[in-house]
Amino acid sequence: MPAFNPAPTGRFRAFADVAPKALRERRILRMVDKIAIVGLSVSLTLVGCTAQGVNGGDTTMPTISATTSLGLVTSAPLETARASQTLPVYWLGRSSGDVYLYREFFPTQSMDDPIATALRTMMDTKPKDPDYFTLWNSPSRLGASVSAKNVITVDVSADAFGQKVDQGIASRSIDQLVYTATAAAAMAGLVDTRTTIQVSILVDGHTGYNAFGHVLLDKPITRDAAFVAPVWIIDPANNSTYNEVPLKVVGQGVSPTGELAWSLETMVDGTAKKQFSNGTVTIPQGPNELGEFTFSLVTPPGTYQLSVYITDASIPDKKIGLDTKIVTISERSKK
């Protein structure tokens with residue numbers, strides 16, 4: 001799915017144009033705890049568990065962190081309102097010796113509580129792409145609300161922070177929550193995207209919690225653009241199958257030249273073996289600007305690894321900001 005969507009329509013357009021105070025004050029969940037936050041709501045679960053599928057190496061930053069791609073992204077636009085039944089969820093992912101934020105979409109049966117539901121998915125569910133991960137535990141209590149001043153308040157139980165991580169992973173995990181909450185609110189039309197969206201994180205109803213032992217939650221937080229992946233493939237999703245070609249590739253990225261490189265390799269026994277094709281794609285926004293890219297591929301039936309990355313003439317063998325997806329073309333049925 002594209003990172004930047006057309007202008008809101010229907011009931012979302014009305015909000016985007018006038019952003020009525022009553023809608024921005026809408027309560028996301030019913031109150032189930034007596035907390036001194038107007039509109040704050042809490043959803044309860046009975047069972048908590050640790051983060052699923054976490055490898056030992058995921059709890060710490062790489063020993064040698066790459067600086068080539070760090071800071072390429074200087075702004076992170078909010079998602080825009082849409083009527084589809086999907087939830088945006090951000091994950092951590094390793095690339096080029098660093099750890100970045102990547103987004104996936106998950107279907108949902110109801111959009112009644114989009115922020116809390118997206119955050120619950122982030123803490124309870126495994127990413128679709130095995131290259132992504134999360135260090136959050138499933139919380140016993142989680143709720144969210146939005147104020148008239150565009151502040152999202154998230155209240156989560158302390159058991160969500162059970163993992164032991166270093167400073168770098170802790171900071172990125174907090175921003176993972178901030179990005180997911182703001183994306184869900186923006187896509188549901190619950191905030192005025194023309195202004196800065198802040199997220200206040202309470203733990204068991206109180207401010208000042210030391211999250212993961214490294215990040216003090218004593219004030220509202222905004223998105224940190226430096227943590228956004230410099231390149232990521234939005235479509236196709238990992239392990240997706242298509243019956244028609246051409247295959248349309250959509251993603252977002254940034255590079256000093258305004259171009260990204262791509263390659264397509266055939267998969268044999270689960271491993272990328274032979275390059276089938278390669279090329280470059282232009283980011284319309286130009287050099288050093290985060291933007292959406294798209295290109296199309298025509299391939300024979302088979303399973304492929306698609307890679308998109310930044311190149312640097314000074315280190316020709318280095319694929320900076322590399323993102324990959326596995327995709328299968330099941331039959332040749334050209335449009």
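Heavy-atom basis, side chains included; hydrogens, waters and symmetry copies ignored. If you read the sequence from its start, that first residue is 1, and numbering goes on from there.
Across every non-hydrogen atom of Y242 and A237, the tightest pair is OH-N, 4.3 Å. Taking all atoms of both residues into account, the shortest heavy-atom contact from A118 to V89 is O-CG2, 3.9 Å. When all heavy atoms are compared, the tightest approach of L92 to I169 is CD1-CG2, 4.2 Å. For the residue pair T222 and D175, the shortest heavy atom distance occurs at O-OD2, 4.1 Å. Of all heavy-atom pairs spanning V215 and Q167, the tightest one is CG2-NE2, 4.2 Å.
In summary, the aromatic rings of W232 and Y132 are positioned with their centroids too far apart to meet the 6.0 Å limit.
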- Take D204 and R141, measure what salt bridge (charged side-chain N to carboxylate O under 4.0 Å, His left out) needs, and give me the verdict at the end. CA-CA 8 Å; D204 293 324; R141 187 168 55 84; 3.0 Å; yes

- side chain to side chain donor-acceptor pair (under 3.5 Å) between W91 and Q176, intermediate numbers included: CA-CA 6 Å; W91 308 108; Q176 179 192 1; over 6 Å; no

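A side-chain donor-acceptor contact under 3.5 Å links S140 and S157.
Without hydrogens or angle criteria, S147 side chain to K149 main chain gives a donor-acceptor distance under 3.5 Å.
Screening residues 169-199 for ring pair (Phe, Tyr, Trp, His ring centres under 6.0 Å) gives Y90-Y179 as the qualifying pairs, with residues at least two apart or on separate chains.
Qualifying side chain to side chain contact (heavy atoms under 4.5 Å, CB included) partners for S307, counting only residues two or more places apart in sequence or in other chains: S263, E265, Q305, Y309, L322, T324.
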